[in-house]
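As structure tokens, the structure follows; a few thoughts come after it.
Heavy atoms only: backbone and side chains are in, while hydrogens, waters and symmetry mates are out. Lettering follows sequence order; numbering is per chain, from 1.
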Protein chains: 2
Amino acid sequence: MTTTAQPSQPAARSLRPVLAGAPRPMRGDAARNRARVLDAARAAFAEDGAEVQMEQIARRAGVGVGTLYRNFPTKQALINELAQRWMDERVEIADQALSMPDPAEAFGWFVRRTAEDMAGDAGLCHMFGEHSAGNCEMPDLLVERTEMLLARAREAGAVRADVSVSDFQAILGGLSAAIAQTEKWELFAEMLVTGLRAPCP
Amino acid sequence: MTTTAQPSQPAARSLRPVLAGAPRPMRGDAARNRARVLDAARAAFAEDGAEVQMEQIARRAGVGVGTLYRNFPTKQALINELAQRWMDERVEIADQALSMPDPAEAFGWFVRRTAEDMAGDAGLCHMFGEHSAGNCEMPDLLVERTEMLLARAREAGAVRADVSVSDFQAILGGLSAAIAQTEKWELFAEMLVTGLRAPCP
DNA sequence: GCGGAAGCGGAATTCGACTTCCACTTCAAA
DNA sequence: TTTGAAGTGGAAGTCGAATTCCGCTTCCGC
């Protein structure tokens, strides 16, 4: 995650005729505000779901709506940015899991960890299930990692053969919905790990 | 489910001084329209989720929005009515399950059947998870049946001891969310039944 | 068949969000 | 310190969807 993110609208700039010069970095206070907006948005969405109003987010961040719109041209753009960050985080977690020696253990850890993270951002995650489903595709990077994790677990007999990546995605969506209702993520994670394994005779 | 349902706004009526006379029954065509609206609404919500517009529902039912609002004072009221019907249906299904001799089998059947019904009304069910969570409480009758079903299954060793009715509710919410993404209800139901059982050693 | 209450359609209204706009303020390069 | 580009706040504008309103139509008891 880049700390010095740029505003969403790339301003073609050319101070002094330098061919394709890199855009001047954001002004210090502006960058600070952008960060505050992002934090406020995450918190607000986590608390109240997607129905929070832009003005609430702005107030929470201590800025005017204008500032908010300077950084994100649209409410959806803001949501997408948050979704993007969540995805990036998922990739990191998946990588950690992939570095574990035992595939079954790695898979279980990934599921538990995801459930735990969801519990911390319940509203937020649930919103993703709702809103971003169509808008912002799961990045290839994450699909790839998930595929690996799943494949390895499958080979190790920890996951039924008939569960595809998109099934798994759907399942995680269900998980977030369940967690949004009760925060018993440990129970749910356990159930998932057990249920994903072929039923024992 | 009463076929001759009354409009949501009870009109205090008193034709001829009959003490507490029952309200005159709906006019024939009106009752027919009410039914059509309800059907159209169910179909529309199932297809497109909660974001369908009142006018779309009205057009689908072949009536004007006015008629729609005559029967349901609010969009939420319409949603609640549908939710109510779904709940009633659940009670019936639960009763069928309770009449089965083997508790484990009964529980599994109930879960599978619910998943199947959800798949048929994906958008609708998902919407319930979203909207009705707060507005329209699960009726006591359904809570009671669910509790029975769960208790019997628990005694028979088919369900882990640490799953409460509200946990189970949350889980079904998750199930509907997952099904709304992919219609693989059989897989999901299987996973649930397996996962709800204490992990075998 | 008549009368009038009940019901109907759908244009017009209301309402509440998102988004735009611009006069004003703040930053930072020279 | 000066200067002007970048950034800011928040009132006003826009827009889409829910809801109301009312003149017209349809039923139904007499």
Could you state the atom-to-atom distance from OH of B:Tyr69 to P of C:dG7 in whole Å? 19 Å
For DNA chain D, whose closest nucleotide is more 5', that of A:Val63 or that of B:Glu55? A:Val63
Does a side-chain N or O of A:Thr67 approach OP1 or OP2 of D:dG9 to a distance below 4.0 Å, or not? yes
Within this structure, what is the CD1-to-P distance between A:Ile57 and C:dA17, rounded to whole angstrom? 13 Å
Tell me: NZ of A:Lys75 to P of C:dG16, nearest whole Å? 16 Å
Pair A:Glu81 + A:Arg85: basic N to acidic O under 4.0 Å: yes
Phosphate-side-chain proximity, A:Asn33 and D:dG7, N/O vs OP1/OP2 below 4.0 Å: no
Quiz question: by atom type and distance under 3.5 Å, do the side chains of A:Asp117 and A:Thr114 form a donor-acceptor pair? no
No-hydrogen, no-angle side-chain donor-acceptor test under 3.5 Å, A:Gln76 and A:Asn80: yes
Considering heavy-atom distances to DNA chain C, does A:Asp29 or A:Met54 have its closest nucleotide positioned more toward the 5' end? A:Met54
To the nearest angstrom, the CD-P distance between A:Gln53 and C:dT19 comes to 12 Å
Atom CZ of A:Arg34 and atom P of D:dT8: how far apart are they, to the nearest Å? 12 Å
Run the salt-bridge test on A:Arg60 and A:Glu47 with the 4.0 Å N-O cut-off and return the result as yes or no. yes
Expressed in angstrom and rounded to an integer, what is the separation of B:Asn71 atom CG from C:dG9 atom P? 11 Å
By nearest-heavy-atom nucleotide on DNA chain D, the more 5' of B:Gly28 and A:Leu68 is A:Leu68
Spacing between B:Arg70 atom CZ and C:dG10 atom P, to the nearest angstrom: 15 Å
Whole angstrom value for the distance that separates C1' of D:dT26 from CZ of B:Arg27: 5 Å
